[in-house]
Amino acid sequence: MKQSMVKTSEMITLLDSLLEQVDLVDKTMSTSINEAFTHCEETYMEQVHRIDQSLQEIEVAMYESMPSETEWNRSRREMVLHTV
């Protein structure tokens, strides 16, 4: 009976040790996954910001290159006169 008690006690100790290791692995994996997710999220947000900046620069360049209303009307008038 005493031998059985010792084995049960040893089993409980081994199971406790195993559960501690499982908890440690779980915490480590959770931390690693959270860090990886945070890195991906930061990288994604940086790319979105860069794209947004590029679109703003394109918009500014487009408006700067557009002819004024006077130039546009003159150009249209010249095209109409040219085709007649």
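All heavy atoms count here, side chains included; hydrogens, waters and symmetry mates do not.
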CE/Met62: more than 12 non-hydrogen atoms of other groups inside 6.0 Å:
yes

Listed partners of Glu57 passing side chain to side chain donor-acceptor pair (under 3.5 Å), at least two apart:
none

Taken to the nearest 0.5 Å, the spacing of Met45 CE from Asp52 CG works out to 10.0 Å

The reported gap from NE2 in His39 to OG1 in Thr43 (rounded to nearest 0.5 angstrom) is 3.5 Å

Taking side chain to side chain contact (heavy atoms under 4.5 Å, CB included) as the definition, give me every residue that meets it alongside Thr38, ordered by chain and number, with sequence neighbours left out.
Glu42

By side chain to side chain contact (heavy atoms under 4.5 Å, CB included) - contacts of Ile33 (at least two apart)
none

Could you check whether any side-chain N or O of Ser17 sits under 3.5 Å from a backbone N or O of Thr13, counting only pairs where one atom can act as donor and the other as acceptor?
no

Please go through Leu19's hydrophobic cluster and name the other residues, only I, L, V, M, F, W, Y counting, with side-chain heavy atoms under 4.5 Å joining them.
none

What distance do Glu59 atom CD and Leu55 atom CG have between them, rounded to the nearest 0.5 Å?
8.5 Å

Got a second to check how far Glu10's CD is from Ile12's CD1, nearest 0.5 Å?
11.0 Å

Could you tell me which residues satisfy side chain to side chain contact (heavy atoms under 4.5 Å, CB included) with Tyr44, sequence neighbours excluded, listed by chain and number?
Val48

Contacts of Ser68 that satisfy side chain to side chain contact (heavy atoms under 4.5 Å, CB included) - sequence neighbours left out
Thr70, Glu71

Nearest-0.5 Å distance that lies between atom CG in Leu14 and atom NZ in Lys7
13.0 Å

For atom CD of Glu69, is the number of surrounding heavy atoms from other residues, nucleotides or ligands below 6.0 Å larger than 12?
no

If I take atom NE2 from residue His49 and atom OG from residue Ser54, how far apart are they, to the nearest 0.5 angstrom?
9.5 Å

